[in-house]
Visitor: 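Questions regarding the structure given below will be posed in turn.
We count residues from 1, following the sequence as given.
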Amino acid sequence: EAGNGRADRAVKHWIIAAKLGFDGSLEILKDAFGKGLVSKEDFAAALRAHQAAVDATKSPQREAAELAREELEKIKRHREREVVAGNLSSLS
């Protein structure tokens, strides 16, 4: 919409997406607010709704899953380093 000269409509879409928790839209709105394209009230409301949406997705199960994913990534990186080190030592 913004590319079609309909900034007001684009702002409405960004506000909706921010209210659903999309971080990218919040960043765009912050920039648009700085340029005077979004009112202080609209930006504040989008920011509050964004935080509420993010908070609503938090749960002990999601946090445990995120910790497990991070641990798996650490193990994967460690194994990759071992493989690379093994390959380099075989070149000597």
Visitor: Is any side-chain heavy atom of D23 closer than 4.5 Å to a side-chain heavy atom of H50?
Guide: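 Of all side-chain heavy-atom pairs linking H50 with D23, at least one is under 4.5 Å.
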
Visitor: If you round to the nearest 0.5 Å, how far is NZ of K12 from CD1 of I16?
Guide: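 Answer for the CD1-NZ pair, I16 versus K12, is 9.0 Å.
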
Visitor: Please determine whether a side-chain nitrogen of the Lys or Arg among K35 and D31 lies less than 4.0 Å from a carboxylate oxygen of the Asp or Glu.
Guide: yes

Visitor: Grab the two heavy atoms, one from A49 and one from K19, that are nearest each other, plus how far apart they are.
Guide: CB-CG, 3.4 Å

Visitor: Can you tell me how far the NE2 atom of H13 sits from the CG atom of L29, to the nearest 0.5 Å?
Guide: 12.5 Å

Visitor: Kindly determine whether E73 and R69 satisfy side chain to side chain contact (heavy atoms under 4.5 Å, CB included), including the steps that lead there.
Guide: CA-CA 6 Å; E73 286 296 318; R69 187 194 64 75; 3.8 Å; yes

Visitor: If you look at every heavy atom in A53 and L20, which pair is closest and at what distance?
Guide: CB-C, 3.7 Å

Visitor: If you take all heavy atoms of S25 and A18, which pair is closest and at what distance?
Guide: CB-N, 3.7 Å

Visitor: Please give me the minimum heavy-atom distance between F33 and K40, naming the atom from each residue.
Guide: CE1-CA, 3.4 Å

Visitor: What closest approach, in Å, do V38 and F43 show between heavy atoms, and which atom pair accounts for it?
Guide: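 Closest heavy-atom pair between V38 and F43: CG1-N, 3.8 Å.
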
Visitor: What heavy-atom pair brings V11 and L37 nearest, and what distance separates the two atoms?
Guide: CG2-O, 4.1 Å

Visitor: Are V83 and R79 packed together at the side-chain level, in the sense that at least one heavy-atom pair is separated by less than 4.5 angstrom?
Guide: no

Visitor: Rounded to the nearest 0.5 Å, what's the gap from CG on L67 to CG on L72? Could you check?
Guide: 11.0 Å

Visitor: So that I can tick it off, tell me whether K30 and E27 are bridged by a salt bridge, with the cut-off set at under 4.0 angstrom between side-chain N and carboxylate O.
Guide: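 A salt bridge links E27 with K30.
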
Visitor: Can you tell me which residue among K74, E80, E82 is in a side chain to side chain donor-acceptor pair (under 3.5 Å) with H78?
Guide: E82

